[in-house]
Asks: 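Pasting in a structure now, in structure tokens, and then I'll have a few things to ask.
In what follows, every heavy atom counts, from backbone to side chain, and hydrogens, waters and symmetry copies are set aside. Lettering of chains follows the sequences in order, A, B, ..., and the numbering in each one begins at 1.
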Protein chains: 2
Amino acid sequence: MRTPVSKPAVNHTATHVDDSTLREALGYHMKRSFNHVQADLTRVLKPFELRMLTYTALVLITDNPGLRQSQLAAAMDIERPNLVVIIDELERRDLILRERVPTDRRAYALQPTLAGRQLYEHALKAVRAHEAQLTQGIDEQTRATVIAVLRGIEKRLAGGEAP
Amino acid sequence: MRTPVSKPAVNHTATHVDDSTLREALGYHMKRSFNHVQADLTRVLKPFELRMLTYTALVLITDNPGLRQSQLAAAMDIERPNLVVIIDELERRDLILRERVPTDRRAYALQPTLAGRQLYEHALKAVRAHEAQLTQGIDEQTRATVIAVLRGIEKRLAGGEAP
DNA sequence: TATTGTTATACTCTATAACTATA
DNA sequence: TATAGTTATAGAGTATAACAATA
């Protein structure tokens, strides 16, 4: 989507730019590869009219019915105000419900609807196919190592600077 | 910056949310870890009044003096229009120069100024220290594997869907 | 006083179409 | 006609402050 399918006959633009200084940094590669993964996943989710964030929210609500918005925001690692529009969108499409919690009338218990659970199933299948294509040729051991490193970095940075 | 330094005594928000469905996907972990890396790097670059994109542009221009904007945009994997404001900002701060190319008066040759080269040196040192802290405890072999996987994914998705 | 959800707001990054001036 | 840089614009993600209702 970002690069032309066939390269131009004469290419003045991509000739030998030295990025060796940047390539040292893990974050540089994380950014570049994630941008492509993000764009690709957006394309995969488009037929379901879902984005990465609405998909993530739908999955977590379906797997954790009764979840509260504050819990969901924490799980998704986003701020509460940013979750509101996501939940609004899913609710407007009748994929989830906001149910009042009797014991705490400030909070909502988020519940998937039947339509929500069905969309979850279909979208999940597409995402898994996408994931399989993405990690094709990467052995399970290596994939697990990459995930472990990414999670380790996340935990280190999430926990605050000084241990 | 995102999570409090000390967790609240009673925590209703983070209790046992099942994200096992999402955790299968590599992209999920890429997003989460990159968000933290991005936020952390933003903090590291703040004293230099640089962002990830202005830093990247400054490094590439300094390492490749005379680079054209179209080449730089391709190297940074961003669209040309988005590069303009980045170059504007660096030029306004007298960190780089737009020099007309005599042989092609449509194009600019981007050159770092002395101030740009100096800021490059200082920022690079800070970024390297950040990187060292980030990858602390990860052996070189593993780090190389992660980078290779990320680059492989980027290349696969950048090249178009059908090989 | 603290928390849940909310509104409003701002900044960053990304993407596309269309323009200008050159080639 | 094609390319380099530009302008304008739109969409998405992220972050903070401040509010009403409730605890």
Side-chain angles (χ1 to χ4, degrees), chain A residues 1-4 8-14 31-32 34-43 45-46 49-57 67-74 76-89 91 98-110, chain B residues 1-4 8-14 31-32 34-43 45-46 49-57 67-74 76-89 91 98-110:
Chain A
M1 195 174 271
R2 193 175 281 125
T3 46
V10 180
N11 188 350
H12 285 294
T13 59
K31 179 191 171 74
R32 293 180 69 99
F34 177 66
N35 279 356
H36 287 282
V37 169
Q38 164 102 305
D40 206 46
L41 201 56
T42 299
R43 193 181 51 75
L45 290 173
K46 189 130 203 173
E49 294 183 83
L50 290 170
R51 289 165 294 130
M52 218 168 164
L53 286 173
T54 52
Y55 169 76
T56 302
L67 203 63
R68 297 185 188 188
Q69 287 186 203
S70 55
Q71 292 176 308
L72 181 54
M76 291 177 66
D77 205 9
I78 63 176
E79 300 301 319
R80 269 70 81 220
N82 296 327
L83 182 62
V84 174
V85 290
I86 295 169
I87 298 301
D88 282 348
E89 183 177 330
E91 192 185 35
R98 276 174 167 113
E99 284 186 354
R100 277 287 177 200
V101 177
T103 56
D104 185 346
R105 289 178 34 74
R106 294 173 301 182
Y108 289 114
L110 302 173
Chain B
M1 197 172 269
R2 193 176 280 124
T3 46
V10 180
N11 187 350
H12 285 294
T13 59
K31 179 192 171 72
R32 292 179 70 98
F34 177 65
N35 279 355
H36 288 281
V37 169
Q38 163 102 305
D40 207 46
L41 201 55
T42 298
R43 192 180 53 73
L45 290 173
K46 190 133 200 168
E49 294 184 85
L50 290 170
R51 290 165 291 130
M52 217 168 164
L53 286 173
T54 50
Y55 169 76
T56 302
L67 203 63
R68 298 185 188 190
Q69 287 186 204
S70 56
Q71 292 176 308
L72 180 55
M76 291 176 67
D77 205 9
I78 64 176
E79 299 301 320
R80 268 71 81 218
N82 296 327
L83 183 62
V84 174
V85 289
I86 296 169
I87 299 302
D88 282 348
E89 184 177 330
E91 191 184 36
R98 277 173 167 113
E99 284 187 355
R100 277 289 179 198
V101 177
T103 56
D104 185 346
R105 289 178 33 77
R106 294 172 302 181
Y108 288 115
L110 303 174

Asks: Take nucleotides 18-23 of chain C nucleotide by nucleotide from the 5' end and write B, S or -, depending on whether a protein heavy atom sits under 4.0 Å from the base, only from the sugar-phosphate, or from neither.
Replies: ---BBS
Asks: Check nucleotides 10-13 of chain C for protein N or O atoms closer than 3.5 Å to its own N or O atoms and list the pairs.
Replies:
unit_1, atom_1, unit_2, atom_2, d
C/dC13, OP2, B/R51, NH1, 2.1

Asks: Can you measure B/L83 atom CG to D/dT7 atom C1' for me and round it to whole angstrom units?
Replies: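 Taking atom C1' of D/dT7 as the reference, CG of B/L83 is at 14 Å.
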Asks: Side chains of A/I78 and A/I86, heavy atoms from C-beta outward: is any pair under 4.5 Å?
Replies: yes
Asks: Report yes if a side-chain nitrogen or oxygen of B/S70 is closer than 4.0 Å to either non-bridging phosphate oxygen (OP1 or OP2) of D/dT3; otherwise report no.
Replies: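 Result: no.
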Asks: Starting at CG of B/L110 and ending at C1' of D/dG5, how long is that distance when rounded to a whole Å?
Replies: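 Rounding to the nearest Å, CG of B/L110 and C1' of D/dG5 are 11 Å apart.
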Asks: What's the CG-C1' distance between B/N82 and D/dG11, to the nearest Å?
Replies: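 Spelled out: CG on B/N82 to C1' on D/dG11 is 12 Å.
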Asks: Taking CD from B/Q71 and C1' from D/dG5, how many angstroms apart are they, rounded to a whole number?
Replies: 14 Å
Asks: Restricting to side-chain contact (heavy atoms from CB on, under 4.5 Å), what partner residues turn up for A/R98, sequence neighbours left out?
Replies: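 If we apply the side-chain contact (heavy atoms from CB on, under 4.5 Å) test to A/R98, skipping adjacent residues, the hits are A/Q69, A/V84, A/I87, A/D88, A/E91, A/Y108, A/L110.
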Asks: Taking only side-chain nitrogens and oxygens of B/R80, does any of them come within less than 4.0 Å of OP1 or OP2 of C/dT14?
Replies: no
Asks: Of all the choices, C/dT4, D/dA15, C/dT7, which nucleotide is nearest to the side chain of A/A107 once you look at every atom?
Replies: C/dT4
Asks: Please give, in whole Å, the distance from D/dT22 P to A/R68 CZ?
Replies: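 Rounded to the whole Å, the gap is 15 Å.
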Asks: Residues two or more places apart in sequence or in another chain: which of them pass side-chain hydrogen bond (donor to acceptor under 3.5 Å, both in side chains) with B/D104?
Replies: B/R106
Asks: Hey, could you give me the CG/CZ distance between B/L72 and B/R80, rounded to the nearest 0.5 Å?
Replies: 11.0 Å
Asks: Just jot down the side-chain hydrogen bond (donor to acceptor under 3.5 Å, both in side chains) partners of A/E89, sequence neighbours excluded, or say none.
Replies: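 Partners of A/E89 by the side-chain hydrogen bond (donor to acceptor under 3.5 Å, both in side chains) criterion, ordered by chain and then number, come out as A/R51.
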